[in-house]
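Inspection log for the structure reproduced underneath, given as C-alpha cells.
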Amino acid sequence: MAILLAPTEGAHLGGSALTQTMWTADEIAQLCYEHYRSRLPKQGKPEPNREWTLLAAVVKIKPAADQACGGTNRRAQVTKEVVSMGTGTKCIGQSKMRKSGDILNDSHAEVIARRSFQRYLLHQLHLAAALKEDSIFVPGTQRGLWKLRPDLLFVFFSSHTPCGDASIIPMLEFEDQPCCPVHRDWANNPSVEASGDLEDPEDKKKCEDLGSPVTKKMRHEPGIPDSVAHHQSFGHQESGPVPPSVSGSHLTAEELAAVTGMAPSGAKVVDVHRTGAKCVPGEAGDSGKPGAAYHQVGLLRVKPGRGDRTCSLSCSDKLARWNVLGCQGALLMHLLEEPVYLSAVVIGRCPYSQEAMQRALTGRCRNVSALPKGFGVQEVKIEQSGFLFEQSRCAVQAKRADGPGRLVPCGAAISWSAVPEQPLDVTTNGFPQGTTKKAIRCLQARSRISKVELFRSFQRLLSSISEDKWPDSLRNGSQPWTVPELCES
C-alpha cells in the first residue's frame, strides 16, 4: 500500500529535509495500522478481547516522480509504502535454539519486521541484478556492489517502546500514565511474561481505572486524533491514575542521577517503568532497590523467559546495533557498497520517554569506533505518535473492562514482506503455525525469515548473477559458506 502525501508549504526535498518535513509520526502510525487491518490475515492475529500483541513495520518514503525530476515550483509530494511488517511478543529459551538455523529465536515484533525487511531487500537486489528499473538499488562504484537510491529513506515504526533500556522510563509524582503504572510489588516480584512488556503481568485486573478521564479520552481508532498528552511531557498532565508513592529521598545522588537526568529540573521522579529484560551475564546488574533506582540504565539486556533463559538481546539493544551496522545483515553486505540505515524511528502511543529512547538507541553508542568504511553511529530521528494500536495490551484491556478470563499475549507472530511470492509467514514457537514435532525437520517447517531460509534466498540471488560480476569478497576461490557455518556464527 502506497500513499501520496503533500507536506506543508515551503517544504523542499533533500536528505535532511525529506526526513524532517515529508511525514509526521501520526501519518506513519496510521499507515501501519491500516496496513495491519487490510493486508494481514486473521490467522496469527490476537483472539478478540482475550489476547494482545505488538506491531512493528518498515516504511519506505520517496519523492513523487515529478519532484524527483527536479520540479521546484509545486508543493513537494512523497509516497509512503509499508515494505515489511511484523507482530509478536514471544522469544524461545536457550534450550530450544537449534544450530541448523531453522527456528526463529526471537519473535518480538521489531525483530520480525526487520527480518521481513531483509527479505524485501533480497527481492530488490534480485530486481537490480536483472536490471529492473523499479529496484530500490542502483549500481555502486565497485564491481558487483549496489547502493540505495539517494532519494529513498526508511522509517521504522513500533507500536510500543522497545523492550530493554528504552523501556526504563521515569515516572513523576502525580503523573498520568497511558498504561498501568508500576507498583511497589515490582521490587519483590519483577518477573514478567516472555513478551518483554512494560506492565506487571500479575496486575491484569488493575491496568486501567476505566472511569478515569484519561481512559475515557483514549481514542482506539487511528483515524481520530487524540488530545490527551501522550508524550512523557512533564508538567502537562491531566488527572488520572497516581503512580506508586515511592520516595527517592533515601537514594544516593549517583543512584538517582541516571533517572532524574531524564526529567526536567524540579520534577520529582518517584519510580521508573520496569523492563522484564535481564542484564547480560557478566554485566553489572540492577540494584533491585525500590523506586527510581531499581534499574541500572544503559546496560545490554536479554529478553526474559519462563524458567528457560533466552539468549536474545532486547529490542533496544538490537535497534542500537542496527543504527550502527545497518539493517541489511552480514550476508547482504557482501553485495552492498554501504549499509542500509533507518532514517527515523516512530513509536506508537504507550509509556514513552524521548530521553530514554535517545539514550538507548544512540547515546550509549557514541564511543563506538574503529568501524569499517561506510559504517557509523547514525543520528536517527525519534518521534512518538499519538495513536494507540487497537490490539495493544492497553487498548484491549480498556475495551474488555471486567470481562471474564485472563488477558494474555498472542502466541503467534506474523511476518509480511513486500515481495511477489508468499509475502506472509505465520509462526508459533519459532516454526510455521501448525508444525508438528514429526515435521520439524521438513522444508515446510521453516519460517521464510529463518536464518537458513534467508541464506537459501541469498544463494539463489548469487546463482542468478554471473560469477564474473560477483564482488571481490565472494571471488576468492571459494563458494559462500555452508548452512552450518552460517548458522553457528
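Just so you know, these numbers use all the heavy atoms, side chains as well, and skip hydrogens, waters and symmetry mates.
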Aromatic ring centroids of [X] and [Y] under 6.0 Å?
| X | Y | answer |
| --- | --- | --- |
| Phe387 | Tyr33 | no |
| His334 | Trp470 | no |
| Phe117 | Phe154 | yes |
| Tyr36 | Phe157 | no |

Practice item. Run the numbers on Glu379 and Arg366 for salt bridge (Lys or Arg N to Asp or Glu O under 4.0 Å), then give the verdict. Key: CA-CA 10 Å; Glu379 291 296 333; Arg366 298 272 184 223; 2.7 Å; yes
Practice item. For Ser312 and Asn105, test the side chains for any donor-to-acceptor distance below 3.5 angstrom and give the result as yes or no. Key: no
Check your understanding: Is there a donor in the side chain of Thr24 and an acceptor in the side chain of Asp26, or the other way round, less than 3.5 Å apart?
Key ->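 Side-chain D/A pair, Thr24 to Asp26: absent.
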Kindly indicate whether the side chain of [X], heavy atoms from C-beta on, has any atom under 4.5 Å from the side chain of [Y].
| X | Y | answer |
| --- | --- | --- |
| Trp23 | Val346 | yes |
| Lys60 | Lys80 | no |
| Val83 | Val59 | no |
| Lys451 | Arg115 | yes |
| Glu337 | Trp146 | no |
| Leu335 | Leu461 | yes |
| Ser353 | Pro170 | yes |
| Met97 | Ile103 | no |

Does a side-chain N-to-carboxylate-O contact under 4.0 Å join [X] and [Y]?
| X | Y | result |
| --- | --- | --- |
| Glu453 | Arg456 | no |
| Glu390 | Arg37 | yes |
| Lys469 | Glu467 | no |
| Asp425 | Arg448 | yes |
| Asp317 | Arg364 | yes |
| Arg359 | Asp165 | yes |

Quick one: closest heavy-atom pair of [X] and [Y], and the distance?
| X | Y | result |
| --- | --- | --- |
| Asp102 | Ser100 | OD1-OG, 2.8 Å |
| Ile169 | Pro351 | CD1-O, 3.3 Å |
| Cys365 | Val377 | O-CG2, 3.2 Å |
| Gly326 | Pro339 | CA-CB, 4.2 Å |
| Ala113 | Val58 | O-CG2, 4.4 Å |
| Ser447 | Ser450 | O-OG, 2.8 Å |

Point to revise | Contact list for residues 367-376, test salt bridge (Lys or Arg N to Asp or Glu O under 4.0 Å), sequence neighbours left out | key: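 Listed once each, the pairs would be none.
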Donor-acceptor pairs under 3.5 Å, side chain of residues 120-130 to any protein atom, not counting sequence neighbours: which ones?
{"unit_1": "Gln124", "atom_1": "OE1", "unit_2": "Ile136", "atom_2": "N", "d": "3.0"}

Taking only residues two or more places apart in sequence or in another chain, which ones pass salt bridge (charged side-chain N to carboxylate O under 4.0 Å, His left out) with [X]?
| X | answer |
| --- | --- |
| Asp106 | Lys303, Lys318 |
| Arg321 | none |
| Arg301 | Asp286 |
| Glu338 | none |

Quick one: does [X]'s side chain have a donor or acceptor within less than 3.5 Å of a partner on [Y]'s backbone?
| X | Y | answer |
| --- | --- | --- |
| Ser417 | Ser116 | yes |
| Ser316 | Ala166 | yes |
| Asn323 | Gln378 | yes |
| Gln384 | Cys350 | yes |
| Thr53 | Thr87 | no |
| Thr427 | Pro432 | no |
| Gln118 | Gln328 | yes |
| Ser385 | Gly348 | no |
| Thr362 | Gln358 | yes |
| Lys96 | Gly430 | no |

Check your understanding: Is there a side-chain contact (heavy atoms from CB on, under 4.5 Å) between Val340 and Trp322 once you walk through the steps?
Key -> CA-CA 9 Å; Val340 177; Trp322 305 338; over 6 Å; no
Practice item. Please name the residue in the list Lys90, Glu51, Arg393 that meets the side chain to side chain contact (heavy atoms under 4.5 Å, CB included) test with Pro409. Key: Lys90
Exercise for review: Give the C-alpha distance, both sets of side-chain angles, the deciding distance and a yes or no for side-chain contact (heavy atoms from CB on, under 4.5 Å) between Val324 and Phe375.
Suggested key: CA-CA 6 Å; Val324 177; Phe375 292 87; 5.6 Å; no
Mind checking the [atom1]-[atom2] spacing from [X] to [Y]? Nearest 0.5 Å is all I need.
| X | Y | atom1 | atom2 | result |
| --- | --- | --- | --- | --- |
| Leu342 | Leu153 | CG | CG | 10.0 Å |
| Leu424 | Ser415 | CG | OG | 7.5 Å |
| Ile61 | Met22 | CD1 | CE | 9.5 Å |
| Thr161 | Met357 | OG1 | CE | 6.5 Å |

Practice item. Please lay out, stage by stage, how Asp271 and Arg274 fare under the test side-chain contact (heavy atoms from CB on, under 4.5 Å). Key: CA-CA 9 Å; Asp271 204 344; Arg274 309 293 161 85; 2.5 Å; yes
Check your understanding: Do the numbers put Arg349 on top of the ring of Phe389, so that NZ or CZ is under 6.0 Å from the six-membered ring centre and no more than 45° off the axis?
Key ->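 No, cation not above the ring by the 6.0 Å, 45° rule.
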